[in-house]
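Chain identifiers are assigned alphabetically (A, B, ...) following the order of the sequence lines, protein sequences preceding nucleic acid strands; residue numbering begins at 1 within each chain. Any value given below was found using the heavy atoms of this structure, including those in side chains, with hydrogens, waters and symmetry copies removed.
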Number of protein chains: 2
Amino acid sequence: MNDPLLDLPGYALRRAAGAMMAEFSRRLEPLGLRYADVSALLLIGANPTLTASQLGRMLDIQRANMVPLLGRLTDAGLITRRPLDGKSHGLHLTAAGEAKLAEARRVIEQFESWLIAKIPAAHRDHLKPALDALWRD
Amino acid sequence: MNDPLLDLPGYALRRAAGAMMAEFSRRLEPLGLRYADVSALLLIGANPTLTASQLGRMLDIQRANMVPLLGRLTDAGLITRRPLDGKSHGLHLTAAGEAKLAEARRVIEQFESWLIAKIPAAHRDHLKPALDALWRD
DNA sequence: TATTGTTATACTCTATAACTATA
DNA sequence: TATAGTTATAGAGTATAACAATA
């Protein structure tokens, strides 16, 4: 079977990302979290009083789509919202949120190690800078 | 603003893939194609008499989800289906499909060159093998 | 028995427009 | 005027179960 897609870096990028995110989601399932939830928890934990809009900009998620995400985390008792002024609300981890984030950090650490280990040593240190050039520049 | 996500290769992979697929989709828009359409056209063009199930396995798309995709390509007059036996159908490009694929190939070529050019030269040759290790092994 | 093509369905993710209230 | 938070909605992508017909 002839597969011309296998020569294309762009296609490899999409398939690799899909495979890795599927694996990451599988590892997060026991925690009852999706990967968007984890990235939000990480940023809220690292930046107390972050607002929903700021968080959305950092994650490149539309304001409107933050609503169900933050609602989910709030319903799960992982975050609270405290008014900063009349229109903004600061996001904060609850004790349960801190605990869940600690669990998530362990999953992340193991997942990232596993991901890196899959890459042949000769190419390993080049992946992160190459990827960063594709989305941060 | 503190962003611990920026240290994670897995996060960079997801964001890079998202950014690149968004750009690729933008470039395909004038052709009236999505990237799944293009990958299907490429594989059908390279493998006459490929069946829908075989194509789905190569693209890692469920059989059921091939139906709307191939229906779209058929409605656009880009492919035809000819019975191979009582239950399988071989997929073939029409003349319009060949022409559209030729256009798509030019878009792909320019896009892939642009993508590669974004990567610092020192890391450039390492990206494809690193990505392949993540989804093909 | 396994596979092909298909229908139906549901869930996730993403994008846009519009509204209210506040800065 | 611009921004924050929200609602509603629609489009994609993806996953599962089930079915009839055929290998």
side-chain hydrogen bond (donor to acceptor under 3.5 Å, both in side chains) evaluation trace for Ser25(A) with Arg34(A): CA-CA 6 Å; Ser25(A) 296; Arg34(A) 308 178 189 175; over 6 Å; no
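- Applying the ring-ring contact (aromatic ring centres under 6.0 Å, His included) test to every pair with at least one member in residues 33-65 of chain B, sequence neighbours left out, gives no pairs at all.
- For the contact set between residues 12-36 of chain A and DNA chain C, defined by any heavy atom under 4.0 Å, the members are Arg34(A).
- Proximity of residues 49-79 of chain A to DNA chain D (heavy atom under 4.0 angstrom from any strand atom) is restricted to Thr51(A), Ala52(A), Ser53(A), Arg57(A), Arg63(A), Ala64(A), Val67(A).
- Residues Pro9(A) and Ile116(B) are in side-chain contact: their nearest non-hydrogen atoms beyond the backbone lie under 4.5 Å apart.
- Leu70(A) and Leu84(A) are members of different hydrophobic clusters when ILVMFWY side chains are connected at heavy-atom separations under 4.5 Å.
- Among residue pairs with one or both ends in residues 46-66 of chain A, none qualify as ring-ring contact (aromatic ring centres under 6.0 Å, His included); sequence neighbours excluded.
- Residue pairs meeting the ring-ring contact (aromatic ring centres under 6.0 Å, His included) criterion with at least one member in residues 64-108 of chain B: none, sequence neighbours excluded.
- Under a hydrophobic clustering in which Ile, Leu, Val, Met, Phe, Trp and Tyr are joined whenever their side-chain heavy atoms come within less than 4.5 Å, directly or via other members, Val67(B) and Leu69(B) fall into different clusters.
- Side-chain N/O atoms of Arg81(B) include one lying less than 4.0 angstrom from OP1 or OP2 on dT6(C).
- Under a hydrophobic clustering in which Ile, Leu, Val, Met, Phe, Trp and Tyr are joined whenever their side-chain heavy atoms come within less than 4.5 Å, directly or via other members, Trp114(B) and Leu127(B) fall into the same cluster.
- The closest side-chain heavy-atom distance from Leu115(A) to Phe24(A) is not below 4.5 Å.
- Nearest heavy atoms, Glu112(B) versus Gly10(A): OE1-N, 2.9 Å.
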Under 3.5 Å, which N/O atoms of the protein pair with N/O atoms of nucleotides 21-23 of chain D?
unit_1	atom_1	unit_2	atom_2	d
dT22(D)	O2	Lys87(B)	NZ	3.3
dA23(D)	OP1	Gly86(B)	N	2.7

